[in-house]
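See below for the structure under consideration.
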Number of protein chains: 2
Amino acid sequence: MTEAPARRDEILAVAAELFARKGIKATTVREIADAVGVLSGSLYHHFPSKDEMAREILLRFLTAIRDRYTDVLARGEGPARALRALVAASLQLSREQPDATAMYQNELRYLRETPGFADVQEAAAEVQRAWLRVIEQGVADGAFRHDVAPRVFHRLIRDAVWLSGRGHWPDGDDAPGQLADAITTVFLDGFAAPVAGQPT
Amino acid sequence: MTEAPARRDEILAVAAELFARKGIKATTVREIADAVGVLSGSLYHHFPSKDEMAREILLRFLTAIRDRYTDVLARGEGPARALRALVAASLQLSREQPDATAMYQNELRYLRETPGFADVQEAAAEVQRAWLRVIEQGVADGAFRHDVAPRVFHRLIRDAVWLSGRGHWPDGDDAPGQLADAITTVFLDGFAAPVAGQPT
DNA sequence: GTCTATATTGAGATAGAC
DNA sequence: GTCTATCTCAATATAGAC
């Protein structure tokens, strides 16, 4: 059992909130220190740099996604059910870690251009492969349409899922469960009104 | 006829490319000046600040969208056709102005938090209303489903459309026309394989 | 319209006392 | 583990000559 220094985690939580709201680059270490209640120099006792804080937040987040996706794939469900499960797992996580989710969505460019984020990128790539595997299998066995490229569909649904953590969604009482339903409904069945006799 | 100072436009084009690639905040005025081929101080003869360059780029872009959306709505087509037309117009514009498109997608937060961008935000709001009008009308007259909130659907399709300008899309020969088809297909008809007898 | 030179501020990071 | 004090550098922006 590794020790989990409460102070470190506290700083990361505060930093994540600021990074998510203002962006990593626009957030100053002084702002983080103020929010934590210490002076800026003190942060450097816990972390070597601001970027290292961001890296750690994102790596934890991506590791959590990867683990949950692995669980989903291990169940061996059919493509449609597996896709719904990926959506549900993602939205669940974005509810648990809204700040890290927003960072993941908003700071892709920062990630790519900051040296030393290679491990974060590798985790992101593995997450992406989970989606593609499910989608391609669905196309292969006839559950999904073949006239939309899997990689295109992947981008569409991935962005829809992770953007849920971005900004404010209409209606405060639009619970995440309902959002998951909306996303799976739209992406699988389409927004056009169902014709009579068509399966839901 | 207002004069269009070529030098100004040239600077804006160079700046847009950098803003789109690295972000507004991460782009320095020296980088812009280097790319243009002048020294940084010279830029201030044309623009009062870096933010003003970004504001002007985005305002032009949003004005262009608004005009095209107005044209689409003026045609008075049915909801499904109008929605396809909005998608097509957006993707067309994102092809013509890829840098501004990327900025619009990536710098929403910067826009909101930079004082003096009120006019840009107002134009963005009007653009949003065009989508909502079409979607709500479609729900009202039965063309679209009623079990997904219009504002939720709006966010999903809006993000899908504008994200097309972000990053690289799979397959270099995936022409924008095909992407428009893919988006309208997925969002209207869904990704699930069509059942026999269902209209395309 | 561009250059040279520089003012000014803001931010990341460090050293060493407590 | 935090504070005080400060270094250093980078970046926006300005003033005035050419």
Side-chain angles (χ1 to χ4, degrees), chain A residues 2-58 103 106-107 109-117 120, chain B residues 2-58 103 106-107 109-117 120:
Chain A
T2 328
E3 274 298 317
R7 197 62 171 150
R8 258 182 84 89
D9 288 354
E10 187 188 342
I11 293 170
L12 285 183
V14 166
E17 196 275 327
L18 287 164
F19 289 157
R21 184 153 46 84
K22 316 188 36 163
I24 296 172
K25 184 123 187 176
T27 300
T28 70
V29 299
R30 284 180 172 84
E31 283 173 318
I32 299 171
D34 283 355
V36 171
V38 297
L39 291 193
S40 66
S42 306
L43 295 181
Y44 289 86
H45 174 75
H46 302 277
F47 302 94
S49 73
K50 181 177 82 163
D51 282 351
E52 176 56 26
M53 295 185 211
R55 198 190 62 78
E56 195 163 326
I57 293 165
L58 285 163
M103 288 173 64
N106 292 327
E107 312 279 353
R109 200 177 32 212
Y110 192 83
L111 289 199
R112 274 194 293 266
E113 295 184 2
T114 304
F117 277 49
V120 174
Chain B
T2 328
E3 273 299 316
R7 197 61 170 152
R8 257 181 85 89
D9 288 354
E10 187 189 342
I11 294 169
L12 284 183
V14 166
E17 197 275 326
L18 286 164
F19 289 156
R21 184 152 48 83
K22 316 188 36 164
I24 297 173
K25 184 122 188 174
T27 301
T28 71
V29 300
R30 281 192 241 275
E31 283 172 319
I32 299 171
D34 284 353
V36 171
V38 297
L39 290 194
S40 66
S42 305
L43 294 182
Y44 289 85
H45 174 76
H46 301 276
F47 301 94
S49 72
K50 182 177 79 165
D51 282 352
E52 176 57 25
M53 295 185 210
R55 199 189 61 77
E56 194 162 326
I57 293 165
L58 286 163
M103 288 172 64
N106 292 326
E107 311 280 354
R109 201 176 33 213
Y110 192 83
L111 289 198
R112 274 194 294 267
E113 295 183 2
T114 304
F117 277 49
V120 175

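We name chains A, B, ... by the order of the sequence lines, and we start the count at 1 in each one.
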Inset, instruction - Using a heavy-atom cut-off of under 4.0 Å over every strand shown, decide if B:S42 touches base, sugar-phosphate, or nothing. - result: base
Legend entry - Nearest-angstrom distance from the residue atom CG of B:L43 to P of D:dT14: 13 Å
Legend entry - Whole-Å gap separating P (C:dG10) and CD1 (A:I32): 18 Å
Legend entry - Between C:dA11 (P) and A:E31 (CD): distance, integer Å: 7 Å
Inset, instruction - Kindly say if B:H45 contacts the phosphate of D:dT14, meaning a side-chain N or O under 4.0 Å from OP1 or OP2. - result: no
Legend entry - Whole-Å distance separating the NZ atom of B:K50 from the P atom of C:dT9: 18 Å
Legend entry - Atom pair distance, as rounded to whole Å: OH in A:Y44 and C1' in C:dA17: 20 Å
Inset, instruction - Would you mind classifying the nucleic acid contact of A:R7 as base, sugar-phosphate or nothing, using non-hydrogen atoms under 4.0 angstrom? - result: sugar-phosphate
Legend entry - Rounded distance (Å) that lies between atom P of D:dA13 and atom CZ of B:F47: 13 Å
Inset, instruction - Determine yes or no for a side-chain-to-main-chain donor-acceptor pair under 3.5 angstrom, with A:E31 supplying the side chain and A:L18 the backbone. - result: no
Legend entry - For atom CG of B:D34 and atom C1' of C:dT2, their distance in whole Å: 15 Å
Legend entry - Any donor-acceptor N/O pair, B:K50 side chain to B:T27 backbone, under 3.5 Å: yes
Legend entry - Donor-acceptor contact present, side-chain B:E52 to main-chain B:S49, <3.5 Å: no
